[in-house]
Protein chains: 2
Amino acid sequence: MKNTKEKILIAASKLFLAGGLSALSVRAIARESNLSTIGIYKYFQGKQGILDALYIEGFERLLDALDVPINIHDPKGNIIAAAKGYIKTAFDYQGHYRLIFGEHVAEYVPSAEAKKVSEKAFMHTTKIIAGILPNDSTFEQKQQASLQIWSLIHGYIGLKQHAIADEIEPNLWEGLILAAVRLHLDALEQHSHT
Amino acid sequence: MKNTKEKILIAASKLFLAGGLSALSVRAIARESNLSTIGIYKYFQGKQGILDALYIEGFERLLDALDVPINIHDPKGNIIAAAKGYIKTAFDYQGHYRLIFGEHVAEYVPSAEAKKVSEKAFMHTTKIIAGILPNDSTFEQKQQASLQIWSLIHGYIGLKQHAIADEIEPNLWEGLILAAVRLHLDALEQHSHT
DNA sequence: ATTTAAAATATAACACTGTTATATTTTGTC
DNA sequence: GACAAAATATAACAGTGTTATATTTTAAAT
C-alpha cells in the first residue's frame, strides 16, 4: 500500500531513468502517478524537492559502489575496485550523475541533506585513498590525494559525454580511466614516500 | 552600425555573462537588444543557435588560453602555462564553461561547427602534451596522454562547482590543480621512457 | 450514525518559456 | 509613387513550475 509521496517518487524515478531531466515535468510526474501535481508541492515542496530526492538517490548509488570490501594487503586494488564501481554507476545512471554534478539545471540548488551525502562520499574516498599513503599523512594530505583521483575519474566521465568523445570507442573508456588512475596512484605513492 | 544579428548576439552575451543560462530567455534577449524575439529565429534558427554562438565564443576563449608561446626546451612549462590559461578562462567564464561541458541544458545539442571547435582544442592539447613524450610516440599515445591531463583539470573544475568544494578555500584551487597536473606529467614522462 | 472540521487532492489560473502564425512596417526596385 | 519583398512587431500557441480556488476524502466529535 503505497502512500502518495512514494507514488510520486516512484513515478519521478521511472521517468527520470527513461528520459532524463527533460522527461521530468510536474505534469508528466502527475500523469505517471495518476495523481494531480499538487502532491509534488505538498510532499516535496515543489520540483526542487523531486530533484533533491533523485540527487540523494543517485549519490547513494555511488556510495554503494564505493563500499568495496577492504583488503588491507592491497590498497591499490581497493581503490581500483572502488573506481570501477563508481565508473559503472556513473555510466549506468547517467541522468543521476548529471544531476549531481551538472551545473544545477533549472536553478536546482541541492538541499543541506543532499550536501551531507556528498560529504560522506568524500570522507569515504579519502579513507580508501589513505591506504596508499604513509601512516603519518595528515588528513589534509589524504583529502588532497582523494580529490586528485576523484577529479581524474570525474573528468573522464565528464569528457565522455562531450563532443570530443566521438573520437574514442565507447567501450574503451573504462580501461582508459583505470589506466590513468593507476598511473596517478603510482605517482602519489612514489611522491609521498620521498 | 551594428546589424540585427550582432545586436542580438551582443545582448545575449551580456545577459549570459551577468546571469548565466537562466537569464537568457528569448524575451530577455529581445528586451536587452530593443528588438522583438523574431530575429532570434531568423538569424539564429532559434535559441539553440544562440547557445551555439555562445558555446563557440567560450571555446574560442579556451583555445586562445591554450595558445601559449612554445619553448622547446621546457615542454612541461608549456603544458603548465597552457593549463594555467585554461583554468583561469574556465573560472572567469563559468557560464560558458558550463555550457560547453554541462549536460546540454534545455536539450541544447551542439552544432557541427561547435563540435569542430572542440576537436581543434583536443588537437592543440595533444600537440602540447607531445612535448613530454618520446619522439616515436604514436598519435594515439599522445591523444591518450592529452586526455589524461585534460580529464584531470576538467575534473577539478567540475568538482570546484560542487557541494564538496565548500571544504576547500576557493583561492587554493588553481594551485591544487597545477600540483596534480605536475605529478601526473612526471608520471607520464617516467612511464613513457620505460 | 450524523455532523463538522481538517486534510488531501483535483482543477483552474497565473506568469513564465520557446516557437510559430499573423499583422505591420521598412526597404528596395521599377 | 506604386508595388513587392524583406524585416520586424505583435499575437497566439502549447508547454513549464507554481499558487489559488474548488472539491473530495478522511478524521474527529457528538
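In what follows, every chain begins at residue 1, and chains take the letters A, B, ... in the order their sequences are listed.
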Passing candidate, salt bridge (charged side-chain N to carboxylate O under 4.0 Å, His left out) with A:Glu32, options A:Lys14, A:Arg27, A:Lys7: A:Lys14

Flag, side chain of B:Lys47 to backbone of B:Leu24, donor-acceptor distance under 3.5 Å: yes

Any A:Thr4 side-chain N or O less than 4.0 Å from OP1/OP2 of C:dT9: yes

Nearest-Å distance for atom pair [atom1]/[atom2], residues [X] and [N]:
| X | N | atom1 | atom2 | value |
| --- | --- | --- | --- | --- |
| B:Leu35 | D:dA7 | CG | P | 13 Å |
| A:Lys5 | C:dT9 | NZ | P | 13 Å |
| A:Ile29 | C:dA10 | CD1 | C1' | 17 Å |
| A:Phe44 | C:dT9 | CZ | P | 12 Å |
| A:Ile8 | C:dT9 | CD1 | C1' | 10 Å |
| A:Asn34 | C:dA8 | CG | C1' | 17 Å |

Heavy-atom closest contact (A:Leu66 atom, A:Thr125 atom, distance): CD1-CG2, 3.7 Å

Presence of salt bridge, B:Lys76 and B:Asp186, under 4.0 angstrom: yes

Flag for B:Ser151-B:Tyr156: side-chain donor and acceptor within less than 3.5 Å: no

Contact letters for nucleotides 14-28 of chain D, in which S counts primed atoms plus P, OP1 and OP2 and B counts the base, heavy atoms under 4.0 Å: --BBBBB--------

Test salt bridge (Lys or Arg N to Asp or Glu O under 4.0 Å) applied to A:Glu174 and A:Lys84, step by step: CA-CA 8 Å; A:Glu174 190 192 30; A:Lys84 276 182 178 171; over 6 Å; no

